[in-house]
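This chain uses plain numbering: 1 for the first residue, then up along the sequence. Numbering of ligands and ligand atoms starts at 1, following listing order.
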Amino acid sequence: MCGIVGYVGLARKTKSVLYEGLKRLEYRGYDSAGICYIDGNKNTVIKSEGKLENLNAKLNKIEINSPIGIGHTRWATHGKPSELNAHPHSTGPISVVHNGIVENFYELKNELEQKGAKFYSDTDTEVISQLIFYFINDGKSFEDSVIATFDKIQGSYAVAVLNADEPDKIIATRRFSPLVIAKNDDELFLASDIPAILPYSNEIIFLEDNDFAVLKKNSIEFYDNKKNKVERKSKKINWDPVMIEKAGYRHYMLKEIHEQPRAVFDTIRGRFSDDFETVIFNDFDENLIKDVSRISITACGTSYHASLIGKYMLESISRINTQVELASEFKYREPVLDSNSLVIAVSQSGETADTSEALLEAKKSGVKTLGITNVELSKISRESDFVINTKAGPEIGVASTKAFTTQVVVFYMLSIYLGLVRKVIDKKAAKKLIKDAVAVSKIIQKSLKLDDEIKELSKDFYSYKNFIYLGRGINYPIALEGALKLKEISYIHAEGYAAGEMKHGPIALIDENMPVVFIAPDDEIYYKKLLANFEEIKARGGRIIFITSSSGSLEILGEGDRKIQIPKCSNLLSPLITAIPVQFLAYHIANRLGTDIDQPRNLAKVVTVE
Ligand code: AGP
């Protein structure tokens, strides 16, 4: 999510290598950015909140003649987006940029504070510069201080460090976060992602976990964490930069489908107490929220489908009367809202005009508002009384995938939170629900294995002109979402229905030219009913794709029908699993049809018009 760049050399202007590199990392998402360079024996840091343009405006006003520098774009994790919290972070002569999370940040910070260190930011990164400086003051060399620091740090990181007292070198290290070096004669480039530095050289060195690299203008040395020298050879990379940004996936959408276990995990990370008995939403004022007796959710498109799932969760877990309404309708309907209503605006981008307008309209009634968005500084985040950020990371594909699953998991956490606040569930019940949430990333990971199977299956289905998706209960919104995904990227007409509604009209559409996708996890109430709906479709010649976690045999499946076996999961979290095959199905059908998957015709990622 964050991006790192670094440069040492005389061949180019440090300022432009750093800025251009950050620009190429911009698509990953950011809320602030900064650079540090060494001039003489002084480390100068320039930072800005918001768009990279803000940083550029500052850089344009100065001349930088330094041959060495590091830069960073930040996607806030610890500490809100602000200039103060932006990287690089400096302690004395030491300046640091960091991707990742220092998990033992509080303990280390306490330890350092007891020794007299003064912290200025809310970030976990500042402990890194503080620790390195501490070890240097303790008499260790720069290299030894960096190694000693990362000996103490737990978590994931990619880091670059400058020391104004040794102005000819950058020290870089990583664990679980990527870091690469590109080399030319007399200059070296460092980055978290290849696209940032690929225009300068395709001779790339990949740092391995726990490597320490010391980069000087015309030399580079590698050490392990015991300071033994190690050898790292460069590889010639012949990818085009766009391909690399997609981490080898053909499309952003496919990459983002595969990122869902990580995105869901990041979204729940840090939001449960250590004993798994409570949900932590730091931004909430419990007193303001405890009297809420009615929730109105407003959203568009995929975010609307996530909200429909949210309604099931909120009503089932926290027993709050919940309504969901399309934002484009909500605004003009004069909804009845009272002082105990909470209005929730859900939006990946946080900028969708329909949703933000609906939110502003709701605010006129004086109700409390909550924004659920994936972009921290977005309009909806700014306008809402409370905010819960999903941590999907930048979503580039127009068809929303990972933002959807992270929204669903936020609703799940919110339902537990409100259930506890309202005392309709006890800590024991919360613990059971929380444990299911903690386990769900791994189950999503398992369902990603369906990729190849669904690619194969799509061969038999891509030439149909219409599709119906059916689901019931908490998986009815997945039928809607599956149909939306197929429509938007393959341009095939598709409809989602609540399966019980078929007999009231849509069943007239069924014949051998109408594939029907069943979303049928093995639950106590709906599975048997879906089997009955299945029989009704079969009797009318429909062709079926049956997505189920039931391992029971399905004699009724005919020759052209297909079963997609998904892993089992608790009923309330099952939409996180059933979403995966419908995303793959839409993707692979569209891919066979050769459509522009990441930027389908007529659609925009962020719809800023009403
Ligand atoms: C989903 O795949 C869409 N492209 C679209 O429906 C989207 O969900 C909708 O425009 C809302 O966007 P938002 O979540 O950024 O508000």
Side-chain angles (χ1 to χ4, degrees), residues 29 251-257 259-260 263 267 297-310 324-331 343-360 362 369-384 387-411 469 477-492 494 496 575 579-580 582-587 589-590 595-610:
H251 295 99
Y252 281 114
M253 180 183 177
L254 188 59
K255 173 175 175 263
E256 288 160 3
I257 292 174
E259 282 174 347
Q260 288 176 106
T267 301
I297 312 176
T298 188
C300 304
T302 289
S303 297
Y304 171 73
H305 297 153
S307 306
L308 291 173
I309 295 169
V324 186
E325 191 160 4
L326 289 165
S328 51
E329 294 294 317
F330 181 94
K331 182 183 169 186
V343 171
I344 307 181
V346 185
S347 171
Q348 184 285 129
S349 59
E351 302 287 344
T352 299
D354 287 325
T355 315
S356 59
E357 293 287 314
L359 173 72
L360 293 180
T369 56
L370 163 67
I372 298 178
T373 86
N374 194 38
V375 180
E376 291 201 9
L377 285 175
S378 60
K379 193 166 179 196
I380 289 174
S381 308
R382 292 193 309 268
E383 294 290 348
S384 305
V387 181
I388 303 176
N389 283 119
T390 50
K391 303 277 180 192
E395 192 179 62
I396 313 272
V398 163
S400 185
T401 52
K402 59 179 182 169
F404 171 75
T405 35
T406 54
Q407 287 165 349
V408 169
V409 88
V410 162
F411 274 119
Y469 286 70
I478 295 294
L480 300 175
E481 175 61 7
L484 175 64
K485 286 283 90 82
L486 189 68
K487 272 187 270 211
E488 53 178 354
I489 60 169
S490 72
Y491 319 144
I492 293 173
I580 307 293
V582 299
Q583 293 169 351
F584 277 140
L585 185 63
Y587 174 81
I589 286 180
T595 57
D596 188 349
I597 291 183
D598 284 331
Q599 287 177 333
R601 68 182 183 204
N602 308 338
L603 297 178
K605 182 69 189 159
V606 187
V607 185
T608 49
V609 289
E610 255 196 78

Kindly check if the number of other-residue, nucleotide or ligand heavy atoms within 6.0 Å of CD (Gln599) is above 12?
-> no

Number the atoms of ligand 1 from 1 as they appear, then name those within less than 4.0 Å of a heavy atom of [X], with their elements.
X	answer
Ser347	13 (P), 14 (O), 15 (O), 16 (O)
Ser400	1 (C), 2 (O)
Gln348	13 (P), 14 (O), 15 (O), 16 (O)
Ser303	8 (O), 13 (P), 14 (O)
Ala399	2 (O)

Exam field: side chain Ser307 to backbone Ser303, donor-acceptor pair closer than 3.5 Å | yes

Contact partition for Glu351 relative to ligand 1, non-hydrogen atoms under 4.0 Å = neither

Which heavy atom in Asn374 sits nearest to a heavy atom in Gly393, and how many Å separate them?
-> ND2-O, 2.9 Å

Between [options], flag the one that comes closest to [atom] by a heavy atom.
atom	options	result
atom 8 (O) of ligand 1	Thr302, Asn374, Val398	Thr302
atom 2 (O) of ligand 1	Gln407, Glu488, His305, Glu395	Glu488
atom 12 (O) of ligand 1	Ile489, Thr373, Thr352, Ile380	Thr352

Kindly indicate, with the supporting measurements, whether the criterion ring-ring contact (aromatic ring centres under 6.0 Å, His included) is fulfilled by His305 and Phe404.
-> CA-CA 8 Å; His305 297 153; Phe404 171 75; 7.4 Å; no

Take Glu481 and Thr302, measure what side chain to side chain contact (heavy atoms under 4.5 Å, CB included) needs, and give me the verdict at the end.
-> CA-CA 6 Å; Glu481 175 61 7; Thr302 289; 3.0 Å; yes

Under 3.5 Å, is there a donor-acceptor pair linking the side chains of Ser356 and Glu383?
-> no

Please say whether Lys485 places an N or O atom under 3.5 Å from an N or O atom belonging to ligand 1.
-> yes

Do the charged groups of Lys379 and Glu351 touch, with an N to O distance under 4.0 Å?
-> no

